[in-house]
Amino acid sequence: MGNERYEKGWGIFEKLTGADGVTELERIHALYPDLANLIISNGFADIYSRPGLNLRERELVTLSSLITQGATEQLPMHVNAALNIGLTPDEIMEIVLQSTVYAGFPKALSAFAVVMDVLEKRTTHSSGADV
C-alpha cells in the first residue's frame, strides 16, 4: 500500500488496536482491499490524526457514537482501543452509564455486555492482571 497517507493512518490504527485490530484489518483486506485502504487512509490518516482532539478524546466520542447507534459489532475494537490509549474500565463504564440518558437502556445495556466481555477477555489474556 506504501503511500504516506496510508502509513500515517496505519501507525495510528496499530497504536489504537494492537495485534487484534491488525488481524481484523488483514481479514478485511483479504476480502476487499479497497475497504481496508479506506478505513486506514480516511478514518485514521485523515480523521484520527487531525489536531483539535487527542486519541483519548476521539475514542470517547467514538464509543459514545457507537453506543447511541447500537453498533455493538464495532464496540469491541474501540473498547480495546480506548483501553490501549489509557482510558480506564471505570471511565468506559461511565460512558455506558451516560448513554442510558441519550441512547436508552437497551442500547446502553447491550454496550455494557460488550464492555464486560472485552474486560473479561483482557483479564483472562493477561493472566489475571488488571486491564
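When reading the values below, keep in mind they use all heavy atoms of this one structure, side chains included, and skip hydrogens, waters and symmetry mates.
- Listed here is the closest heavy atom pair of Pro76 and Val118: CA-CG2, 3.8 Å.
- With sequence neighbours excluded, no residue satisfies side chain to side chain donor-acceptor pair (under 3.5 Å) with Gln98.
- When side chains are defined from C-beta on, Met116 does not count as touching Lys121, because their heavy atoms never get closer than 4.5 Å.
- Cluster note: Val101 groups with Tyr102 through ILVMFWY side-chain heavy atoms spaced under 4.5 Å, whether in direct contact or through intervening members.
- Distance CZ/Arg122 to CG/Asn80: 5.0 Å, rounded to 0.5 Å.
- Judged by distance alone, the side chains of Glu120 and Thr124 never bring a donor and an acceptor atom under 3.5 Å apart.
- The line from CD1 of Ile95 to CG of Asp90 is 11.5 Å long, rounded to the nearest 0.5 Å.
- Residues that satisfy the side-chain contact (heavy atoms from CB on, under 4.5 Å) test with Ala81, not counting sequence neighbours, are Leu16, Glu59.
- Residues Leu53 and Glu57 share a closest heavy-atom pair of CA-OE1, 3.2 Å.
- For Met77 against Phe13, the heavy-atom pair with the smallest separation is SD-CE1, 4.1 Å.
- Atom CG of Asn84 and atom NZ of Lys15 lie 10.5 Å apart (nearest 0.5 Å).
- Applying the side-chain contact (heavy atoms from CB on, under 4.5 Å) rule to Arg5 yields the partners Asn3, Ser41, Asn42, Ala45, Asp46; only residues at least two apart in sequence or on another chain are considered.
- With hydrogens and angles disregarded, no donor-acceptor distance shorter than 3.5 Å links the side chain of Ser65 to the backbone of Val61.
- Considering Leu83, Leu63, Val79, Ile67 as possible partners of Val115, the one that fulfils the side chain to side chain contact (heavy atoms under 4.5 Å, CB included) test is Val79.
- Interatomic distance, Tyr6 OH to Ile39 CD1, rounded to the nearest 0.5 Å: 9.0 Å.
- Remark: Ser49 pairs with Lys8, Ile12 by the side-chain contact (heavy atoms from CB on, under 4.5 Å) rule, at least two apart or across chains.
- A donor-acceptor pair is defined here as one N or O able to donate and one able to accept, closer than 3.5 Å; no such pair exists between the side chain of Arg27 and the backbone of Val22.
- Here the side chains of Arg50 and Arg58 are in contact, with some heavy-atom distance below 4.5 Å.
- Contact record, Thr62 with Tyr48: OG1-OH, 3.0 Å, taken as the closest heavy-atom pair.
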List, one per line, each side-chain donor-acceptor pair under 3.5 Å for residues 106-113, sequence neighbours excluded.
from, atom 1, to, atom 2, distance (Å)
Lys107, NZ, Thr68, O, 3.0
Ser110, OG, Pro106, O, 3.1

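- Expressed to the nearest 0.5 Å, how far CG of Leu35 lies from CG of Leu25 amounts to 8.5 Å.
- Distance CD1/Ile40 to NE2/His29: 10.0 Å, rounded to 0.5 Å.
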